[in-house]
Visitor: 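The structure that follows is given in the form of structure tokens.
Everything numeric here is computed off the predicted structure, so don't read it as measured data.
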Amino acid sequence: MGKKVYGSAEEALEGLVHDGMLIAAGGFGLSGIPELLIAALCKSGVKGLTVASNNAGVDDFGLGLLLQTRQIKKMISSYVGENAEFMRQYLSGELELEFNPQGTLAERLRAGGAGIPGFYTKTGVGTVIAEGKEHKDFDGETYILERGIVADLAIVKGWKADESGNVIFRKTARNFNVPAAKSGRVCVCEVEEIVPTGSLDPDAIHLPGIYVHRLIQGPHEKRIEQRTTRKKETA
């Protein structure tokens, strides 16, 4: 099996990153994002990246950090609304953006991980999403062809893993992490806790270790994207 557990995000990315690569990143907003690996990518200086991720974090956290440093050339995403720098770079023509409906992006990642090169979907038919894509009719309905995504590197964030790389995600932080992980030719996962192999219930595993090549444990800030609180009631 070889060593999977590394001492830091920088060590875990060593030898895996290069300019112009395609990275699949898990997370939704700031939930379940691989914040340590993103920071290590910033430090690495790698540039010209294409990143497939639901969104790009916020201006000063998550993938937004890689936008600030101009290391991302293109985003394959569903949503840009919480990141002013993302929007600014896109509207000014500095950043390429391939818009994907959210379900389509999830399925593109899942399909790539399953060895499926493409699939047909009704989502996006008759919109700009369908421009330049093959159309085909099935049972009287029109569908468009979407390609599976196979990334050079997947970076994901789990809750708990064993030393073999079997990973459990916590509640909604699972989001895009599983399909993103499976889409990568190499997957690096960061978790909050690493436990001995055999100590996790096999039925509780969300991502089998066969998909995880390198693993790190570390402290996570887990910043809240939008905090909404109720006003304190007066007696």
Side-chain angles (χ1 to χ4, degrees), residues 3-14 16-17 23-44 46 49 51-69 71-72 75 77 79 82-83 85-86 109 151 153-184 186-197 199-201 204-209 211-229:
K3 173 189 172 186
K4 287 193 177 181
V5 179
Y6 285 70
S8 68
E10 289 80 6
E11 286 178 33
L13 291 179
E14 190 173 346
L16 299 181
V17 297
I23 296 176
F28 187 105
L30 296 183
S31 174
I33 63 168
E35 55 192 75
L36 305 176
L37 292 165
I38 291 169
L41 283 171
C42 285
K43 290 180 185 176
S44 76
V46 66
L49 298 174
V51 180
S53 180
N54 177 67
N55 58 300
V58 293
D59 288 307
D60 61 345
F61 199 62
L63 290 171
L65 295 172
L66 288 167
L67 288 174
Q68 282 186 347
T69 54
Q71 288 170 266
I72 297 177
M75 288 294 304
S77 293
Y79 183 58
E82 304 302 325
N83 192 316
E85 180 61 15
F86 190 166
L109 291 165
L153 172 67
I155 54 172
V156 298
K157 193 266 177 182
W159 174 47
K160 189 180 291 189
D162 66 21
E163 292 164 337
S164 296
N166 297 302
V167 182
I168 296 173
F169 298 93
R170 182 161 171 76
K171 302 190 177 186
T172 58
R174 194 187 319 181
N175 52 56
F176 278 82
N177 276 298
V178 174
K182 292 182 178 181
S183 76
V186 178
C187 172
V188 183
C189 179
E190 60 183 71
V191 294
E192 296 172 42
E193 182 182 3
I194 298 175
V195 299
T197 298
S199 60
L200 298 177
D201 178 358
I205 301 301
H206 299 131
L207 180 66
Y211 292 105
V212 177
H213 301 85
R214 299 184 182 185
L215 188 66
I216 61 164
Q217 175 180 311
H220 293 85
E221 182 179 343
K222 293 195 284 188
R223 191 181 301 187
I224 295 174
E225 188 171 354
Q226 293 189 15
R227 186 188 298 273
T228 303
T229 59

Visitor: List the steps and the verdict of side chain to side chain contact (heavy atoms under 4.5 Å, CB included) for L215 and C189.
Guide: CA-CA 5 Å; L215 188 66; C189 179; 4.0 Å; yes
Visitor: Output the distance between atom CD (Q217) and atom CD (E192), rounded to the nearest 0.5 Å.
Guide: 9.5 Å
Visitor: Would a 4.5 Å heavy-atom cut-off, applied to side chains only, mark V17 and L41 as touching?
Guide: yes
Visitor: Compare all side-chain heavy atoms of L207 with those of R174 and state whether any distance is below 4.5 angstrom.
Guide: no
Visitor: Search all heavy atoms of I216 against all heavy atoms of Y6 and return the closest pair with its distance.
Guide: CG2-O, 3.6 Å
Visitor: Checking the side chain of T197 only, and the main-chain atoms of S164 only, is there a donor and an acceptor separated by less than 3.5 Å?
Guide: yes
Visitor: Please check if atom CD in E14 has more than 12 non-hydrogen atoms from other residues, nucleotides or ligands closer than 6.0 Å.
Guide: no
Visitor: Is the backbone N or O of G32 less than 3.5 Å from a side-chain atom of N177, with the two atoms forming a donor-acceptor pair by type?
Guide: yes
Visitor: So how far is it from L200 CG to I205 CD1, rounded to the nearest 0.5 Å?
Guide: 4.5 Å
Visitor: Mind checking whether V191 and K160 have side chains closer than 4.5 Å, heavy atoms only?
Guide: no
Visitor: Any side-chain heavy atom of L13 sitting closer than 4.5 Å to one from L153?
Guide: yes
Visitor: Report yes if some heavy atom in the side chain of T172 is under 4.5 Å from a heavy atom in the side chain of F28; otherwise report no.
Guide: no
Visitor: Using every non-hydrogen atom in the two residues, find where A180 and A24 come nearest and quote the distance to one decimal.
Guide: O-CB, 4.0 Å
Visitor: Judged by atom type as modelled, is there a donor-acceptor pair below 3.5 Å linking the side chain of E35 to the main-chain atoms of K222?
Guide: yes
Visitor: Please check this pair: side chain of S8 against backbone of E11, looking for a donor-acceptor N/O pair closer than 3.5 Å.
Guide: yes
Visitor: In Å and rounded to the nearest 0.5 Å, what is the SG to CG distance from C187 to L16?
Guide: 10.5 Å
Visitor: Is the backbone N or O of Y79 less than 3.5 Å from a side-chain atom of N55, with the two atoms forming a donor-acceptor pair by type?
Guide: no
Visitor: Can you find a pair of side-chain heavy atoms, one from K157 and one from I33, that are under 4.5 Å apart?
Guide: no
Visitor: Could you measure the distance from the CG atom of D162 to the NZ atom of K4? Nearest 0.5 Å is fine.
Guide: 8.5 Å
Visitor: Whether the side chain of Q71 engages the backbone of V46 through a donor-acceptor N/O pair (distance < 3.5 Å, no angle test) should be reported.
Guide: yes
Visitor: Should R214 and L37 count as side-chain neighbours, where that means a heavy-atom distance under 4.5 Å?
Guide: no
Visitor: Atom CD of Q68 and atom CG of L63: how far apart are they, to the nearest 0.5 Å?
Guide: 12.0 Å
